[in-house]
Amino acid sequence: MTKVRVIIAGPRGRMGREAVQLVERTDEYELVGAIDYKYDGKQLSDIEGFQHIHIPVFGNIEACLHTVQADVLIDLTTPEVGMHHTRTALLHGVRPVVGTTGFKKEDLQELEQICHEKELGCIIAPNFAIGAVLMMKFAQMAGKYFNDVEIIELHHDGKLDAPSGTAVKTAQMIAEVREKKTQGHPNEKETIAGARGADYEGMHIHSVRLPGLIAHQQVMFGADGQTLTIRHDSYNRASFMSGVKLAVDTVMKMDVFVYGLENIIE
Ligand SMILES: NC(=O)C1=CN([C@@H]2O[C@H](COP(=O)(O)OP(=O)(O)OC[C@H]3O[C@@H](n4cnc5c(N)ncnc54)[C@H](OP(=O)(O)O)[C@@H]3O)[C@@H](O)[C@H]2O)C=CC1
Ligand SMILES: O=C(O)C1=N[C@H](C(=O)O)C[C@H](O)C1
């Protein structure tokens, strides 16, 4: 059996740690390298919790790709770093599976163009949890019938980006089917800036950050005399791993750019 050779960027992070374990316990995968700017030249075994894993860690992706042969890069870092990693991986013929959120629209367009030129697969998944993907799909179904929607995303207070990648993707998916509308009273005024949240094509997105939370989202629709609430909760980071595996398996079989796991689940 030829194993899928995987590099993980961000192995010390909350998601990166979980992804290292996923790759380690999956027989068809082989972890061949990790990228962590704080452990350049070290081994993964030097990082707490990974004492038994003897693979090289590189401070940057260039050194990593120069030294190890890989099929897939799993990126779980930060938006700026993640974009650099994804672009560089593609240019080196390595297929990215990206969980990192906060990419700009122009970033996604650039990556799609590189995939097209290189005829290489790349999956950018704002949320790997299958339940969250279904929540987004259900919200899109509802958006066809309800023009009024408020998205409330709730996350741990270690999160860097707001709104979450999932909330942005949800708004984009609803916008594809929703009749355009600016919500609320036409004369409404915020007496404290930000009270009505972020505005995406007239829909509002509210970001809650609290210790104790992991990753949650509620999409609320309203119409005369009724509301509809669609909610998903991730209670741990293991909830994302079946989606990471699905993405790695799928990216090996395709040569196009995919933004969102809803595009690869039946
Ligand atoms: N798609 C999905 O389903 C999910 C996506 N996410 C997203 O994944 C990303 C990571 O989330 P999370 O694990 O919670 O965040 P963490 O902050 O826990 O992890 C990010 C890791 O990346 C490291 N890092 C920063 N710069 C570099 C670099 N240049 N090279 C290598 N590593 C680097 C950080 O190190 P240090 O802290 O020392 O700087 C940290 O260890 C976020 O964008 C988040 O939104 C999260 C959960 C699910
Ligand atoms: O940072 C997180 O934790 C998460 N980030 C992703 C996002 O921004 O949507 C996915 C999930 O919500 C967890």
Side-chain angles (χ1 to χ4, degrees), residues 7-22 33-40 42 44 47-50 57-65 73-86 88-89 96-104 107 123-133 135-136 151-173 198 205 207-219 231-248 258-262 264:
I7 294 168
I8 295 180
R12 255 182 317 111
R14 288 171 286 252
M15 280 292 281
R17 284 186 175 277
E18 205 66 54
V20 168
Q21 289 175 34
L22 167 74
I35 303 169
D36 189 322
Y37 69 113
K38 287 188 181 161
Y39 281 80
D40 187 24
K42 301 258 169 64
L44 208 56
I47 299 179
E48 202 193 327
F50 296 139
V57 182
F58 301 88
N60 60 69
I61 189 165
E62 288 79 7
C64 182
L65 296 179
L73 163 78
I74 301 177
D75 191 89
L76 297 158
T77 57
T78 63
E80 297 75 24
V81 176
M83 177 59 194
H84 175 67
H85 286 170
T86 308
T88 310
V97 166
V98 180
T100 306
T101 51
F103 283 18
K104 297 193 280 288
D107 294 336
I123 297 178
I124 312 273
N127 202 313
F128 285 116
I130 302 305
V133 178
M135 173 263 296
M136 289 185 260
I151 300 171
I152 302 141
E153 56 97 338
L154 311 92
H155 282 85
H156 58 93
D157 61 349
K159 185 161 179 60
L160 294 176
D161 55 319
S164 71
T166 307
V168 174
K169 180 67 168 154
T170 307
Q172 290 167 342
M173 287 171 68
I205 306 178
S207 297
V208 177
R209 297 290 177 264
L210 283 174
L213 293 171
I214 302 279
H216 319 261
Q217 181 168 292
Q218 183 163 309
V219 187
R231 181 173 169 117
H232 176 263
D233 298 273
S234 270
Y235 298 109
N236 60 32
R237 275 137 193 129
S239 65
F240 302 110
M241 292 304 127
S242 58
V244 174
K245 180 163 189 314
L246 174 71
V248 172
V258 166
Y259 169 49
L261 231 51
E262 70 281 1
I264 62 166

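In each ligand, atom 1 is the first atom listed, and ligand 1 is the first ligand listed. The residues of the chain are indexed from 1 along the displayed sequence.
- Between K159 and T101, the closest side-chain pair of non-hydrogen atoms falls below 4.5 Å.
- Of all the atoms in ligand 1, the ones that sit under 4.0 Å from a non-hydrogen atom of D161 are 45 (O).
- Checked against a 3.5 angstrom limit, the closest N/O atoms of R12 and ligand 1 fall inside it.
- Nearest protein neighbour of atom 15 (O) of ligand 1, counting heavy atoms only, is R14 NH2, 3.5 Å.
- Closest approach of L154 and I152 over heavy atoms only: CD1-O, 3.7 Å.
- In K245, the NZ atom is crowded: over 12 heavy atoms of neighbouring residues, nucleotides or ligands sit closer than 6.0 Å.
- Residue F240 has no N or O atom closer than 3.5 Å to an N or O atom of ligand 1.
- Heavy atoms of G165 stay at 4.0 angstrom or farther from ligand 1.
- Rounded to the nearest 0.5 Å, atoms CD (Q217) and NE2 (H155) are 7.5 Å apart.
- The shortest distance between side-chain heavy atoms of S242 and I130 falls below 4.5 Å.
- Of the possible polar contacts, one joining the K169 side chain to the Y259 backbone as a donor-acceptor pair under 3.5 Å is found.
- For a threshold of 3.5 Å applied to N or O pairs, the pair formed by Y37 and ligand 1 contains at least one separation below that value.
- At a threshold of 4.5 Å between non-hydrogen side-chain atoms, the residues M15 and F240 count as touching.
- Among T77, D36, V244, the residue whose heavy atom sits closest to atom 42 (C) of ligand 1 is T77.
- Residues H84 and E62 form a side-chain contact, since some pair of their non-hydrogen atoms from C-beta on lies under 4.5 Å apart.
- Between H156 and R14, the closest side-chain pair of non-hydrogen atoms falls below 4.5 Å.
- The side-chain heavy atoms of F103 and T86, taken from C-beta on, include a pair separated by under 4.5 Å.
- For ligand 2, the protein residues placed under 4.0 Å by at least one non-hydrogen atom are T101, P126, N127, H155, H156, K159, D161, S164, G165, T166, A215, F240.
- Summary of contacts: the protein heavy atom closest to atom 11 (O) of ligand 1 is M15 CG, 4.2 Å.
- Heavy atoms of A125 approach ligand 1 to within less than 4.0 angstrom.
- Here A215 has no heavy atoms under 4.0 Å from ligand 1, in either its backbone or its side chain.
- With a heavy-atom cut-off of 4.0 Å, V81 touches ligand 1 through its side chain alone.
- With rounding to the nearest 0.5 angstrom, the CG atom of L76 is 6.5 Å from the CZ atom of F128.
- Of all atoms in ligand 1, listed by their number and element, those nearer than 4.0 Å to a heavy atom of I35 are 31 (C), 32 (N).
- Taking 4.0 Å as the cut-off, K159 counts as a neighbour of ligand 1 on heavy-atom distance.
- Under 4.0 Å from ligand 1, the heavy atoms of K38 that appear belong solely to its side chain.
- In this structure the side chain of R17 never reaches within 4.5 angstrom of the side chain of R237, judged on heavy atoms.
- Each of the atoms 22 (O), 32 (N) of ligand 1 lies under 4.0 Å from some heavy atom of G10.
- Annotation: the span from K42 atom NZ to I47 atom CD1 amounts to 9.5 Å, rounded to 0.5 Å.
- Inter-residue side-chain proximity for L65 and I7 is flagged as met; some heavy-atom pair is nearer than 4.5 Å.
- Residues G16 and I8 come closest through the heavy atom pair O-CG2, 4.4 Å.
- Atom 7 (C) of ligand 1 has as its closest protein heavy atom G99 O, 3.4 Å.
- Of all the atoms in ligand 1, the ones that sit under 4.0 Å from a non-hydrogen atom of N127 are 1 (N), 2 (C), 3 (O).
- Note: no N/O pair closer than 3.5 Å links G59 and ligand 1 by distance alone.
- Given atom 20 (C) of ligand 1, the protein heavy atom at minimum distance is L76 O, 3.7 Å.
- Atom 41 (O) of ligand 1 has as its closest protein heavy atom G13 N, 3.3 Å.
- By the 3.5 Å distance cut-off applied to N or O atoms, T101 is counted among the residues near ligand 1.
- Close N/O approach between A129 and ligand 1 is not found [any backbone or side-chain N/O within under 3.5 Å].
- Looking only at heavy atoms of the protein, atom 3 (O) of ligand 1 is closest to F128 N, 2.7 Å.
- The backbone N or O of D75 sits less than 3.5 Å from a side-chain atom of T100, completing a donor-acceptor pair.
- E153 contributes no side-chain N or O that, together with a main-chain N or O of A167, makes up a donor-acceptor pair within less than 3.5 Å.
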